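What follows is one structure encoded as structure tokens, with my remarks underneath.
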Amino acid sequence: MTDILLILAGTILVNNFVLVNFLGLCPFMGVSRKLDTALCMGLATTFVLTLASVCSYSFNLWVLEPLDLGYLRLIAFIVIIAGLVQLTELFIRKVSPLLHSVLGIFLPLITTNCAVLGVALLSIRTNTSFIGAAFYGFGAALGFTLVLILFSAMRERIDAADVPQPFKGSAIALITAGFMSLAFMGFGGMN
Amino acid sequence: MLGVLVISLLALLLGCSLGRASRWFESDGSSLIEQIDQLLPQTQCAQCGYPGCKPYAAAIADNIAPINQCPPGGEATVTALAELLNREVIPLNPEFGVESPALLAVIREQECIGCTLCIKACPVDAIVGAAKLMHTVISDHCTGCELCIPPCPVDCIDLVSAASSQSPL
């Protein structure tokens, strides 16, 4: 139980994938304009990340390791992630066509979200158990969602704020992201 | 050799399961929202107060919106919707616009300054062009929704009756 809590706290706050490991920055900047979209994207990514972490961990444990095929890890994980994303897309299109049209291109782009591949690769290095890998992926996804929601909430306020001309648009967003990253680095002391 | 085999098997497995899943999750077009959507004219003109035809169809299906808010569809659409939903035929609500013959947007190309504003406004992507280049309307795709008229800064878009015009492309 403590292990699981430690993994969750570690991935959500201390080693947040976006703000500390700097993975998955493209959706972080791209889908954070509006709070609802950010929330939807966060949920879709949570689903994919958790599944991807579990699937790639078990594939590595039961297929690649026994056959001594460690060098195939990267390409195998990419194939697994691509398949999972496709599955998520089919599922969302069936369940909520509106959400599907809101997420649009960002849904298939989860495939190229480096956080997903990063989590899959890091999880096999850091985790010793299946449950650990599952919660590692889930925690990473929660961290991603948390940061995405916080950032989009800030961006919505920044849109309404009187920003100096040279900082308008992406510039102020990047600066905000930098400050958020600084703040999250502070959690490093919890280690 | 073993590596090739493993990757091929993995890809085959994923491919098969995705194929099954796509059949499983396929939208069969039988849901009420889609049936209603098929009866709407697909102008995406937003005159009903919803962003497009599908959201309006969803609102009708949820019983939030009455069936008489679609001016481009006119009486024919109201009748078809009433038949599908087993409701009474009601006259078109004039608050949302009046029924008019099908229209087509035409850009007076000599006057177009290439600002791309109408391209962004078009809900069905029927306007082609690029920044600082002349734009034109693909008449086969144009639904006559009039959404491109207000953004045009030089007022170079005309609405003509769809029957009388010829496609420039």
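Note on naming: letters A, B, ... go to the chains in the order of the sequence lines (proteins, then strands), and numbering restarts at 1 for each one. As a basis for the values below, the full set of heavy atoms in this structure was taken, side chains included, without hydrogen atoms, waters or symmetry mates. Note that the structure is predicted; figures quoted are calculated from it, not measured.
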**OP:** Flag the one option from B:Leu14, B:Leu18, B:Val6 with the top tally of heavy-atom pairs under 4.5 Å to chain A.
**Re:** B:Leu18
Original post:
Considering only heavy atoms, which portion of A:Leu90 lies under 4.5 Å from any heavy atom of chain B: side chain, backbone, both, or neither?
Top reply: both
**OP:** May I ask whether A:Tyr71 and A:Phe59 are part of the same hydrophobic cluster, defined by side-chain heavy atoms of I, L, V, M, F, W, Y residues being less than 4.5 angstrom apart, directly or through others?
**Re:** yes
Subject >> Greater than 12 external heavy atoms within 6.0 Å of A:Phe77's CZ >> reply: yes
Subject >> Interface residues of residues 159-170 of chain A facing chain B - heavy atom cut-off under 4.5 Å >> reply: none
**OP:** Assess whether atom CD1 of A:Ile75 is packed by more than 12 heavy atoms of other residues, nucleotides or ligands within 6.0 Å.
**Re:** no
Subject >> Within 6.0 angstrom of A:Phe138 CZ, more than 12 heavy atoms from elsewhere >> reply: no
Original post:
Just wondering, more than 12 heavy atoms not from B:Glu75 lying within 6.0 Å of its CD?
Top reply: yes
**OP:** Is it possible for you to say whether A:Leu122 and A:Phe144 belong to one hydrophobic cluster, with membership spreading through side-chain heavy-atom contacts below 4.5 Å?
**Re:** yes
Original post:
side-chain hydrogen bond (donor to acceptor under 3.5 Å, both in side chains) with B:Asp37: which residues, sequence neighbours excluded?
Top reply: B:Gln42
Original post:
Can you list the residues that meet the salt bridge (charged side-chain N to carboxylate O under 4.0 Å, His left out) rule with B:Arg108, with sequence neighbours excluded?
Top reply: B:Glu111, B:Asp158
**OP:** Spell out, yes or no, whether A:Leu174 and A:Leu148 are grouped together once hydrophobic residues are joined by side-chain heavy atoms under 4.5 Å, including indirect joins.
**Re:** yes
Original post:
Who in residues 79-89 of chain A is close to chain B, using a strict under-4.5 Å heavy-atom cut-off?
Top reply: A:Val79, A:Ile80, A:Gly83, A:Gln86, A:Leu87
Original post:
Do you reckon A:Ile158 sits in the same ILVMFWY cluster as A:Phe151, going by side-chain contacts under 4.5 Å, direct or chained?
Top reply: no
Original post:
Got more than 12 heavy atoms from elsewhere within 6.0 Å of CG, B:Asp62?
Top reply: yes
Original post:
To the nearest 0.5 Å, what is the distance between CG (A:Leu69) and CG (B:Leu2)?
Top reply: 5.0 Å
